[in-house]
Chemist: 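The structure's right below; bear with me while I get my questions together.
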Amino acid sequence: MEHRRRGPRYAVPAAALALLLTALAGCSGTGGGPATATSASSSPPSAGSSAGSSAGSSAGPSAGSPGSPRTVLPTGIPGDWHLVFQDDFDGTALDGSKWNVGNPYVEPQRITPPVGGQELDCYDAGQVAVRDGMLHITAVQKQQECGGKTLPYLSGMVNTKDKFSFAFGALEARVYVPAAADGSVANWPAFWAVGSNWPSGGENDVMEGLHGKICAYFNSATASTGSCAAGDLTGWHVFGAEWQNGRVDYYRDGVYTATLSQGVTSDPMWLMIDNAVQPTIGGPTSVPATLLIDYVRVWQQ
């Protein structure tokens with residue numbers, strides 16, 4: 001089973017795949033540590049409501065304001081931080097100076113194939129929108145041809161390839177995680193960072209919905225390890241990570257949850273956000289379902 005969504009040209013190395021299957025088998029909900037739970041509603045609330053609103057609000061100056069790089073700090077991650085990337089999605093369209101839409105491994109176009117062969121969705125730029133101070137990525141049931149085959153769903157992806165990348169630091173997003181009918185995490189949403197040379201460049205899954213749970217994973221050519229959380233983590237939450245030399249510390253709603261140290265890489269990474277559909281890897285299929293992002297921020301010391 002392929003853990004993360006690489007393009008058809010990529011395959012998970014055998015050693016990393018074996019490690020991944022062992023780690024996934026252990027994701028019984030006991031490894032994630034404490035977190036603040038929030039009940040999800042049938043329709044997404046405003047960005048200012050629910051869990052994480054005080055720590056994860058978009059209040060404060062923009063990254064371009066005088067003195068702002070040290071004004072907004074990571075939620076619960078200690079250190080002397082300098083803001084190097086910020087998007088509060090306060091406009092009426094995605095900021096093209098920061099983000100690309102679709103699969104970063106193919107030529108830009110409105111419809112692109114997914115980055116992983118197991119996804120059941122094509123990426124459609126029309127499923128990505130910015131309004132009400134949030135990024136919206138919506139998965140819907142609609143057949144679409146992409147990459148030479150017809151898939152039953154449409155969804156979207158945004159990424160910062162060739163526009164922003166970083167090596168080491170803290171990254172954080174305030175995310176509304178959609179819920180399935182049984183209350184688990186719907187579909188296969190993720191907030192992650194990836195090196196340009198995968199898998200040797202590494203992949204840091206800060207928030208990934210796997211088998212209906214919220215997980216954090218680090219994947220590379222030498223290891224694939226992760227931690228999954230117990231409890232209801234749908235609705236609004238702040239997901240963060242501190243990426244250091246040889247380790248990554250993960251946080252939810254400002255609370256430390258896990259450290260991963262196997263196979264952690266040091267190559268620069270760009271950011272990725274998507275809302276994929278694949279019920280054998282992600283959670284139960286639930287469409288339409290919208291992944292909301294209140295903000296994305298990256299700091300360095």
Side-chain angles (χ1 to χ4, degrees), residues 47 52 54-91 93-101 104 128 130 133-135 137 157-175 190-198 201-208 216-220 237-254 256-257 259-260 264-274 292-301:
S54 60
S57 69
S58 298
S62 66
S65 304
S68 64
R70 291 188 182 273
T71 302
V72 181
L73 296 174
T75 306
I77 304 177
D80 182 19
W81 296 106
H82 180 82
L83 190 66
V84 296
F85 180 91
Q86 174 170 329
D87 198 338
D88 291 331
F89 304 107
D90 287 335
L94 193 68
D95 187 342
S97 70
K98 298 177 180 178
W99 301 97
N100 310 297
V101 179
V128 176
V130 172
M134 294 173 283
L135 171 66
I137 302 179
M157 166 179 278
V158 298
N159 67 83
T160 65
K161 181 185 179 184
D162 298 327
K163 296 183 177 181
F164 172 76
S165 61
F166 69 107
F168 304 137
L171 62 160
E172 177 180 292
R174 184 167 180 259
V175 181
F191 163 56
W192 46 307
V194 64
S196 59
N197 242 346
W198 193 92
E203 172 189 331
N204 184 8
D205 300 320
V206 180
M207 182 285 295
E208 181 171 17
Y217 264 82
F218 199 99
N219 303 298
S220 69
H237 292 279
V238 177
F239 298 97
E242 182 182 3
W243 174 25
Q244 308 168 59
N245 187 19
R247 64 181 282 170
V248 182
D249 297 330
Y250 294 92
Y251 295 78
R252 283 191 301 274
D253 298 322
Y256 164 79
T257 59
T259 293
L260 300 179
V264 174
T265 54
S266 58
D267 291 357
M269 294 187 177
W270 70 70
L271 303 173
M272 306 265 264
I273 305 171
D274 65 320
L292 300 177
I293 309 294
D294 182 19
Y295 65 78
V296 176
R297 295 169 186 157
V298 179
W299 299 260
Q300 291 182 309
Q301 291 186 330

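Keep in mind that the numbers below use all heavy atoms, side chains included, and drop hydrogens, waters and symmetry copies.
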Chemist: Quick one: CG on Asn204 to CE on Met269, what's the gap to the nearest 0.5 Å?
Modeler: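 Interatomic distance, Asn204 CG to Met269 CE, rounded to 0.5 Å: 5.5 Å.
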Chemist: Of all the heavy-atom pairs spanning Met157 and Pro104, show the shortest one and how long it is.
Modeler: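 Where Met157 meets Pro104 most closely, the heavy atoms are SD-CD, 3.8 Å.
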Chemist: Identify the two heavy atoms, one from Gly201 and one from Thr265, that lie closest to each other, and give their separation to 0.1 Å.
Modeler: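 Taking Gly201 first and Thr265 second, the nearest heavy atoms are O-OG1, 2.9 Å.
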Chemist: Quick check: closest heavy atoms across Ala241 and Val248, and the distance to 0.1 Å?
Modeler: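 Closest approach of Ala241 to Val248, heavy atoms only: CB-CG1, 3.8 Å.
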Chemist: Evaluate the side-chain proximity of Val298 to Leu271: yes if any heavy-atom separation is below 4.5 Å, no if none is.
Modeler: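 Yes, side chains in contact.
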Chemist: Would you say Lys161's side chain and Met272's backbone share a donor-acceptor pair under 3.5 angstrom?
Modeler: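 Side chain of Lys161 to backbone of Met272: no pair is present.
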Chemist: May I ask you to test the Val72-Trp299 pair for a side-chain heavy-atom distance under 4.5 Å?
Modeler: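 Val72 vs Trp299: side chains touch.
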Chemist: Which of these passes salt bridge (charged side-chain N to carboxylate O under 4.0 Å, His left out) with Arg174: Asp253, Asp294, Asp88?
Modeler: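 So, applying the salt bridge (charged side-chain N to carboxylate O under 4.0 Å, His left out) to Arg174 and each of Asp253, Asp294, Asp88, only Asp294 qualifies.
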Chemist: Check whether Glu172 reaches the backbone of Thr75 with its side chain - one donor and one acceptor, N or O, closer than 3.5 Å.
Modeler: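 Yes; at least one donor-acceptor contact below 3.5 Å.
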Chemist: Would you say that Phe239 contacts Asp205 through its side chain, given a criterion of any heavy-atom pair below 4.5 Å between the two side chains?
Modeler: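 They are not in contact (no side-chain heavy atoms under 4.5 Å apart), so the answer is no.
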Chemist: Do Leu94 and Leu135 have side chains that get closer than 4.5 Å, going by heavy atoms?
Modeler: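 When only atoms from C-beta onward are counted, Leu135 and Leu94 do touch, with a gap below 4.5 Å.
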Chemist: What pairs with Lys163 under side-chain contact (heavy atoms from CB on, under 4.5 Å), at least two apart in sequence or on another chain?
Modeler: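 With neighbours one apart ignored, the set is Asn100.
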Chemist: Asp95: which residues meet the side-chain hydrogen bond (donor to acceptor under 3.5 Å, both in side chains) condition with it, sequence neighbours left out?
Modeler: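 With sequence neighbours excluded, Asp95 shows a side-chain hydrogen bond (donor to acceptor under 3.5 Å, both in side chains) to Ser97, given in chain and number order.
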Chemist: Check whether any side-chain heavy atom of Arg297 lies under 4.5 Å from a side-chain heavy atom of Gln86, and answer yes or no.
Modeler: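 In short, these two side chains touch, coming nearer than 4.5 Å.
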Chemist: So if I apply the ring pair (Phe, Tyr, Trp, His ring centres under 6.0 Å) rule between Trp243 and each of Phe218, Trp192, Tyr250, Phe166, which one comes out positive?
Modeler: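 By the ring pair (Phe, Tyr, Trp, His ring centres under 6.0 Å) criterion, Trp243 pairs with just one of Phe218, Trp192, Tyr250, Phe166: Phe166.
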Chemist: Do you know the tightest heavy-atom contact between Pro268 and Ser165?
Modeler: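 Shortest heavy-atom contact: CB-OG, 4.2 Å.
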Chemist: Side-chain contact, heavy-atom cut-off 4.5 Å: Leu171 with Phe85?
Modeler: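 No, side chains not in contact.
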Chemist: Would you name the heavy atoms of Val264 and Arg247 that are closest together and state the gap between them?
Modeler: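 Result for this residue pair: CG1-N, 3.7 Å.
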Chemist: Checking side-chain polar atoms at under 3.5 Å, does Tyr217 have a donor or acceptor matched by the opposite partner on Glu203?
Modeler: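 Result is no, nothing qualifies.
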Chemist: Can you name the residues that form a ring pair (Phe, Tyr, Trp, His ring centres under 6.0 Å) with Tyr251, not counting sequence neighbours?
Modeler: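 Tyr251 satisfies ring pair (Phe, Tyr, Trp, His ring centres under 6.0 Å) with Tyr256 only.
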Chemist: Which heavy-atom pair separates Phe168 from Ser266 by the least distance, and what is that distance?
Modeler: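 Looking at all heavy atoms of both residues, the shortest contact is CZ-CB, 3.5 Å.
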Chemist: Restricting to side-chain hydrogen bond (donor to acceptor under 3.5 Å, both in side chains), what partner residues turn up for Trp99, sequence neighbours left out?
Modeler: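 side-chain hydrogen bond (donor to acceptor under 3.5 Å, both in side chains) list for Trp99, sorted by chain: Asp87.
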